[in-house]
Colleague: 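My questions will all concern the structure given below.
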Amino acid sequence: MSSNWEDSLCSKCGAICCHYITVEIDKPTNKRARDDIRWYLLHEGVTLLIEEDRWLVKFPTRCRDLAKDGSCSIYENRPITCQEYSSDNCDYHTEYEGWETNHIELDTPEAFEEVYR
C-alpha cells in the first residue's frame with residue numbers, strides 16, 4: 001500500500017470505485033439488443049451508463065481485497081486495471097465535489113425505453 005494513502009484522494013471517498021464493476025457493451029442496433037439491456041435493468045442495482053459512444057453496464061459489487069479502512073490490501077499486486085485508474089476523473093469528483101459529467105445513467109427499463117425507443 002502507498003505510504004501516503006491517508007493523504008490521498010482515495011482515502012477521502014471510501015473507495016467508491018472499488019464498490020462496482022462495469023462491463024462495456026455495444027450500442028444496441030436492433031430490438032433484440034435493446035431487449036437485452038431491458039433485461040439487465042430488471043435486475044436490482046444494475047445501471048446502464050452511456051458516455052459519448054461508450055455503453056457500460058454497471059454492477060454493484062465490493063472488491064474482496066478492499067480493507068475496512070478503504071485501502072487496497074493487495075496494493076503492490078493489484079490488477080493492471082486498478083494500476084491504470086487515475087484519480088483525475090475518479091468518482092470522488094462527481095460524488096463529493098459536484099463535478100458535472102457528460103454521461104447518462106439509467107437504472108430502470110422504463111427510463112431506458114423513454115430515452116431509446
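Source: prediction; values computed, not measured.
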Colleague: Do Trp55 and Asp26 come within less than 4.5 Å of each other through their side chains, counting heavy atoms only?
Modeller: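 Heavy-atom side-chain distance check fails, nothing below 4.5 Å.
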Colleague: Would you name the heavy atoms of Asn30 and Arg32 that are closest together and state the gap between them?
Modeller: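 Scanning both residues, the minimum pair turns out to be OD1-N, 3.1 Å.
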Colleague: At their closest point, which heavy atom of Tyr20 faces which heavy atom of Pro60, and how far apart are they?
Modeller: CB-CA, 4.1 Å
Colleague: Distance check, rounded to the nearest 0.5 Å: Cys82 atom SG versus Asn77 atom CG?
Modeller: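 Here the rounded value is 11.5 Å.
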Colleague: Using the rule that Ile, Leu, Val, Met, Phe, Trp and Tyr join whenever any side-chain heavy atoms are under 4.5 Å apart, tell me whether Leu106 and Tyr40 fall into a single cluster.
Modeller: yes
Colleague: Take atom CD in Glu24; do more than 12 heavy atoms of anything else shown fall under 6.0 Å from it?
Modeller: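 Check passes, neighbour count above 12.
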Colleague: More than 12 heavy atoms of other residues, nucleotides or ligands under 6.0 Å from CD of Glu44: is that the case?
Modeller: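 Atom CD in Glu44 is not packed in, count stays at 12 or less.
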Colleague: For the residue pair Trp39 and Ile37, establish whether any side-chain heavy-atom pair is separated by less than 4.5 Å.
Modeller: no
Colleague: To check you understand the geometry: which heavy-atom pair defines the closest contact between Pro109 and Leu42, and what is its length?
Modeller: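 Answer, listing the atom of Pro109 first, then Leu42: CG-CD2, 3.5 Å.
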Colleague: If you define the side chain from C-beta out and look only at heavy atoms, does anything of Lys58 sit under 4.5 Å from Val23?
Modeller: no
Colleague: Could you grab the distance from atom CD1 of Ile50 to atom NZ of Lys27, nearest 0.5 Å is fine?
Modeller: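 It is 8.5 Å, given to the nearest 0.5 Å.
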Colleague: Closest approach of Thr29 and Ala33, non-hydrogen atoms and distance?
Modeller: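 So the two residues come closest at N-CB, 4.1 Å.
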Colleague: Calculate, to the nearest 0.5 Å, the distance between atoms SG and CZ belonging to Cys63 and Arg78 respectively.
Modeller: 11.5 Å
Colleague: Give the cluster check for Leu49 versus Phe112: same hydrophobic cluster or not, with ILVMFWY residues linked at side-chain heavy-atom distances below 4.5 Å.
Modeller: no
Colleague: May I ask you to say whether Arg38 pairs ionically with Asp35, meaning some side-chain N is under 4.0 Å from a carboxylate O?
Modeller: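 Between Asp35 and Arg38 there is a salt bridge, with a charged N closer than 4.0 Å to a carboxylate O.
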Colleague: Say whether Val46 and Ile25 are linked into one hydrophobic cluster, either directly or through other cluster members, by side-chain heavy-atom distances under 4.5 angstrom.
Modeller: yes
Colleague: Are Pro28 and Tyr116 packed together at the side-chain level, in the sense that at least one heavy-atom pair is separated by less than 4.5 angstrom?
Modeller: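 The answer is no, as the side chains (C-beta and beyond) never meet within the 4.5 Å cut-off.
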Colleague: Around atom CZ of Arg64, are there more than 12 heavy atoms from other residues, nucleotides or ligands closer than 6.0 Å?
Modeller: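 Atom CZ in Arg64 is not crowded, with 12 or fewer foreign heavy atoms closer than 6.0 Å.
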Colleague: Measuring from Leu41:CG to Thr108:OG1, what's the distance to the nearest 0.5 Å?
Modeller: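 Separation between the atoms: 7.0 Å.
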Colleague: I'd like to check Leu56 versus Leu48 (side-chain heavy atoms, cut-off strictly below 4.5 Å). Are they in contact?
Modeller: no
Colleague: Please tell me whether Ile21 and Ile16 are part of a single hydrophobic cluster in this structure, the criterion being side-chain heavy atoms less than 4.5 Å apart.
Modeller: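 Different clusters.
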